[in-house]
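Heavy atoms only: backbone and side chains are in, while hydrogens, waters and symmetry mates are out. Below, chains carry the letters A, B, ... as their sequence lines are ordered, and counting in each starts from 1. All figures in this text were calculated on a predicted structure; none of them were measured in a lab.
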Amino acid sequence: MDYRKIVSEMISKASDLEIDKIENMIEVPANSELGDYALPCFKLASIYRKAPVLIAQELAGKILPDSHISNIQAVNGYLNFFVNKESFSASVLNEILEKKDRYGDDTVGGEQTVIIESSSPNIAKPFHIGHLCSTIIGQSLYRLYESAGYKVVRINHLGDWGTQFGKLISAYKRWGDDQAIQEEPIKELLRIYVKFHEEAEKNPELEEEARRYFKNLEDGSPEETRLWQWFKDLSLKEFNKLYNRLGVSFDSYNGESFYSDKMDEVVSLLEEKSLLKESDQAKIVDLEPYNMPPCIIVKSDGASIYATRDIAAAIYRKRTYDFYKNIYVVGIPQALHFQQFFKVLELMGCEWSKDCVHVGFAHVRFPDKKLSTRSGNVIYLEDVLDESVNRIKEYMTNTKLDEDMIEPTAEKIGIGAVIFAFLKRSREKEMVFSWEETLNLEGESGPYIHYTYARGLNILRKVEGLEDRPDFSLLKEKVEIAIIQKLSVLQETIAEAISRNEPMVIARYVIELSKLFNSFYNSCKVITEEIKLKTARAKLIEACCIVIKKCLYLLGIETVDAM
RNA sequence: GUGCCUGUAGCUCAGCUGGAUAGAGCAACGGACUUCUAAUCCGUAGGUCGGGGGUUCGAAUCCCUCCAGGCACGCCA
């Protein structure tokens with residue numbers, strides 16, 4: 001039941017305005033006592049050449065209540081609509097109970113393909129907080145788009161190519177310790193990578209040696225290729241441990257190396273269009289007319305560069321997937337790079353460049369530590385997750401769970417806490433990382449929502465002797481009505497999250513729903529009520545649990561049934 | 001220097017395609033566990049929405065300007 005549409009239709013009939021226009025003007029009053037839907041009449045004032053207050057009053061006089069809308073009032077230039085609570089409640093709750101975890105899903109996507117590039121860690125380097133942002137935002141967007149009926153291709157654009165591999169090979173040949181590498185691949189590879197940078201300070205020849213090794217790699221020399229593949233395998237194994245913990249997977253791991261043989265074509269395409277210019281021995285696309293610095297396509301030493309790889313990748317993706325949207329979940333510091341290469345695509349005549357979107361997220365700052373891969377100063381994601389899980393375990397001393405359930409439960413709650421802490425804020429706002437805030441278990445946190453859900457399920461486990469057909473008209477408490485109102489807007493909330501590529505929208509929604517639920521939990525009894533009310537409330541709880549679980553799913557968080 | 005982003009309660013943030021008294025969470029203070037898990041709930045207090053102009057019936061929201069902070073600006077990605 002689409003009440004927004006019903007209201008718009010009523011207004012449309014009473015005025016001579018188009019239904020779509022009205023639908024866009026309709027809003028939900030912040031204060032629910034004012035109504036469930038409202039039409040601000042201020043904009044109509046210029047059309048009708050009348051005072052808004054008068055317009056609202058006249059419209060109110062022309063529109064009659066029906067089975068869905070019980071009352072219409074004109075207040076201060078607003079035309080306020082009150083929905084018939086009984087039919088509204090029944091319509092919303094029955095739909096949820098029937099559709100279950102598919103409630104909120106849509107078909108607007110029409111099976112069109114959306115590509116989401118995210119995570120993209122560098123081989124032989126630690127998986128850090130920045131990669132976590134990209135990974136979980138990408139994961140959430142994947143589930144959001146999927147829910148709206150899009151076909152999604154998740155691409156992990158691995159950083160598996162470039163001069164750093166020359167450095168790594170050089171470092172390995174000098175100081176590599178096979179056994180240490182087998183035991184702790186990333187840490188050991190990082191150790192020798194850092195050592196390389198230290199030594200290179202004193203001995204610049206090392207840089208040259210590294211370039212030579214990378215050249216060999218590009219030329220397909222067996223020894224260098226073997227090492228490169230080995231590093232890559234080890235790294236992926238480590239990354240997959242984390243992906244498993246996070247419940248994340250990908251459809252493609254085609255990283256930078258995959259495009260190493262696809263860049264010549266980009267260069268010749270650019271040459272055909274006469275877009276390339278020589279500048280200091282490098283080949284560039286001049287973007288001066290668009291107020292941007294030039295985009296370097298071929299370096300002065302003839303080697304390729306990331307912009308070229310990204311262009312090659314975009315073209316490859318268009319050909320392979322014929323995407324509707326091509327989304328890059330990459331940090332804001334790279335915003336200019338994306339603007340530049342999207343522009344180059346446009347200049348190349350790829351009209352689909354407009355479908356490429358950079359979904360940026362702000363840098364995560366650390367209060368004291370200066371973090372950099374080269375110096376070896378890093379916070380490992382694994383440590384963050386472990387710390388979170390451990391704190392949850394400490395908290396669980398009073399749990400009634402069986403011993404063997406504590407570990408897996410703490411794992412889910414702990415990881416959910418970290419994910420939620422990152423997704424509850426706008427992705428473009430800089431975040432200062434603090435353990436305290438990330439692992440805060442109270443208030444607007446992951447554990448709060450987990451707890452809410454577990455309490456809901458607990459009632460459902462205990463309640464018995466329900467009637468077959470709930471009478472939802474018995475749900476008359478303010479908080480019950482508010483919950484139903486909140487439940488009713490899931491689909492439009494998902495739509496908003498998609499239009500903004502912003503998982504936070506879902507996070508805020510599920511927090512608000514959880515708050516309402518907890519308020520309800522404290523003021524309304526269920527199990528001890530008489531059968532009719534008990535039934536209606538139990539079904540309300542069931543609907544809440546369905547929607548909370550759905551939202552957590554959309555954020556990439558697993559629920560626990562008890563804690 | 002140029003471009004992009006940010007500035008809302010003591011702290012962390014929502015609200016920003018203009019709309020009805022600016023909302024949460026932490027922290028503070030006061031209450032609620034013999035009754036569905038108190039990781040909860042209820043209440044109190046706390047704001048020149050960075051400053052100043054402008055557009056408008058109406059601005060935290062749009063425009064201009066200034067201030068403060070962050071990021072990015074050719075051969076790393």
Side-chain angles (χ1 to χ4, degrees), chain A residues 24-25 27 29-31 34-35 38 40-43 45-46 51-52 75-78 80 120 122 157 159 161-164 256 279-284 291-301 303-307 309-310 330-337 339-340 360 362-363 365 392 395-396 398-401 413 421 424-426 428-432 434 436-437 440-452 454-463 499 504-505 507-508 511-512 514-515 517-529 534 537-538 541 562-563:
Chain A
N24 281 325
M25 290 172 69
E27 50 189 59
N31 181 349
L34 291 165
C41 297
F42 308 95
K43 281 176 191 152
S46 59
V75 182
N76 293 334
Y78 284 86
N80 294 334
S120 312
N122 294 319
H157 192 75
W161 208 241
T163 31
Q164 75 263 26
E256 295 169 1
S279 168
D280 298 333
Q281 263 105 52
K283 290 181 182 169
I284 63 158
N291 262 325
M292 282 187 267
C295 183
I296 295 180
I297 300 296
V298 181
K299 294 199 281 186
S300 49
D301 63 359
S304 66
I305 188 167
Y306 58 96
R309 275 193 280 273
D310 274 336
V330 178
I332 285 180
Q334 291 187 49
L336 178 60
H337 160 65
Q339 281 175 32
Q340 286 177 300
H363 215 252
R365 283 193 22 240
I392 300 291
Y395 220 93
M396 286 177 75
N398 294 328
T399 184
K400 288 168 191 150
L401 286 179
I413 299 172
K424 79 169 180 188
R425 53 178 63 247
S426 350
E428 290 184 307
K429 255 183 198 165
E430 190 174 86
M431 166 176 186
V432 178
S434 83
E436 200 181 319
E437 219 206 306
N440 175 24
L441 312 182
E442 287 168 4
E444 301 178 331
S445 71
Y448 175 81
I449 295 162
H450 273 120
Y451 181 65
T452 309
R455 286 175 119 189
L457 281 197
N458 196 44
I459 295 179
L460 294 179
R461 272 192 296 268
K462 290 189 175 169
V463 75
S499 75
M504 175 204 72
V505 173
R508 310 241 48 115
I511 279 183
E512 282 159 22
S514 298
K515 275 185 200 161
F517 182 89
N518 278 312
S519 178
F520 162 80
Y521 184 98
N522 274 276
S523 59
C524 300
K525 291 293 156 202
V526 181
I527 292 176
T528 51
E529 286 293 344
K534 179 165 71 174
R537 284 186 174 164
I541 291 171
M563 59 195 273

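Within 4.0 Å of A:K525, counting heavy atoms only, lies at least one base atom of the nucleic acid. Contact annotation for A:N24: no contact, since no heavy-atom pair falls under 4.0 Å across all strands. A:C41 comes within contact range of no nucleotide atom at all, as no heavy-atom separation falls under 4.0 Å. Residue A:A362 is classed as having no contact, given no heavy-atom separation below 4.0 Å to the nucleic acid. Within 4.0 Å of A:A303, counting heavy atoms only, lies no atom of the nucleic acid at all. No contact: A:A51 has no heavy atom under 4.0 Å from any strand. Among the atoms of the strands shown, none is found under 4.0 Å from any heavy atom of A:N76. Within the 4.0 angstrom heavy-atom criterion, only backbone atoms of the sugar-phosphate kind lie near A:M504; the bases stay farther away. Nucleic acid contact class of A:M563 (heavy atoms, under 4.0 Å, all strands): base.
Atom name C1', nucleotides B:rA39 and B:rU44: the rounded distance is 24 Å, in whole Å. Separation of the C1' atoms belonging to B:rA27 and B:rG46 is 11 Å when rounded to the nearest angstrom. Straight-line distance between the P atoms of B:rU40 and B:rA72: roughly 39 Å, to the nearest whole Å.
Applying the ring pair (Phe, Tyr, Trp, His ring centres under 6.0 Å) criterion to A:H363, with sequence neighbours excluded, gives no partner residue. When the salt bridge (Lys or Arg N to Asp or Glu O under 4.0 Å) test is applied to A:R425, the partners found at least two apart in sequence or on another chain are A:E437. By the side chain to side chain contact (heavy atoms under 4.5 Å, CB included) test, A:E256 pairs with A:H157, A:D160, A:W161, A:R309, sequence neighbours left out. Residues that satisfy the salt bridge (Lys or Arg N to Asp or Glu O under 4.0 Å) test with A:E430, not counting sequence neighbours, are A:R365. Under the ring pair (Phe, Tyr, Trp, His ring centres under 6.0 Å) criterion, A:Y306 pairs with A:H337, not counting sequence neighbours. Partners of A:H450 according to the ring pair (Phe, Tyr, Trp, His ring centres under 6.0 Å) rule, which considers only residues two or more places apart in sequence or in another chain, do not exist here. The ring pair (Phe, Tyr, Trp, His ring centres under 6.0 Å) test applied to A:Y521 returns no partner, not counting sequence neighbours. When the side chain to side chain contact (heavy atoms under 4.5 Å, CB included) test is applied to A:K525, the partners found at least two apart in sequence or on another chain are A:T528, A:E529. For A:K515, the salt bridge (Lys or Arg N to Asp or Glu O under 4.0 Å) criterion is met by A:E444, not counting sequence neighbours.
Surrounding CD of A:E27 are more than 12 heavy atoms belonging to other residues, nucleotides or ligands, all under 6.0 Å away. Counting heavy atoms of neighbouring residues, nucleotides and ligands inside a 6.0 Å radius, atom CG of A:N291 does not exceed 12 of them.
Contact annotation: A:K429 side-chain N/O to B:rG7 OP1/OP2 distance is under 4.0 Å. One finds a side-chain N or O of A:Y448 lying less than 4.0 angstrom from the OP1 or OP2 phosphate oxygen of B:rC41. Under 4.0 angstrom from either OP1 or OP2 of B:rC36 there lies no side-chain N or O belonging to A:R537. Considering only side-chain N and O atoms, A:R461 lies nowhere under 4.0 angstrom from the phosphate OP1 or OP2 of B:rC36.
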Pair pattern of RNA chain B in dot-bracket, where unpaired bases get dots and | marks partners in another strand, Watson-Crick or G-U under 3.5 angstrom
(((((((..((((.....[...)))).(((((.......))))).....(((((..]....))))))))))))....
In B/S/- notation (B base, S sugar-phosphate only, - none; protein heavy atoms under 4.0 Å), nucleotides 54-65 of chain B written 5' to 3' is ------------
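In B:rC26 the base sits anti relative to the sugar, since the glycosidic angle is further than 90° from 0.
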Tabulate protein N/O versus nucleotide N/O from nucleotides 71-75 of chain B, keeping only pairs under 3.5 Å, one per line.
{"unit_1": "B:rG74", "atom_1": "O6", "unit_2": "A:S279", "atom_2": "OG", "d": "3.4"}
{"unit_1": "B:rC75", "atom_1": "O2", "unit_2": "A:S300", "atom_2": "N", "d": "2.6"}
{"unit_1": "B:rC75", "atom_1": "O2", "unit_2": "A:S300", "atom_2": "OG", "d": "3.2"}
{"unit_1": "B:rC75", "atom_1": "N3", "unit_2": "A:S300", "atom_2": "OG", "d": "3.2"}
{"unit_1": "B:rC75", "atom_1": "N4", "unit_2": "A:D280", "atom_2": "O", "d": "3.1"}

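The shortest side-chain heavy-atom distance between A:S120 and A:V330 does not fall under the 4.5 Å cut-off.
Rounded to whole Å, atom P of B:rC26 lies 12 Å from atom CG of A:L441.
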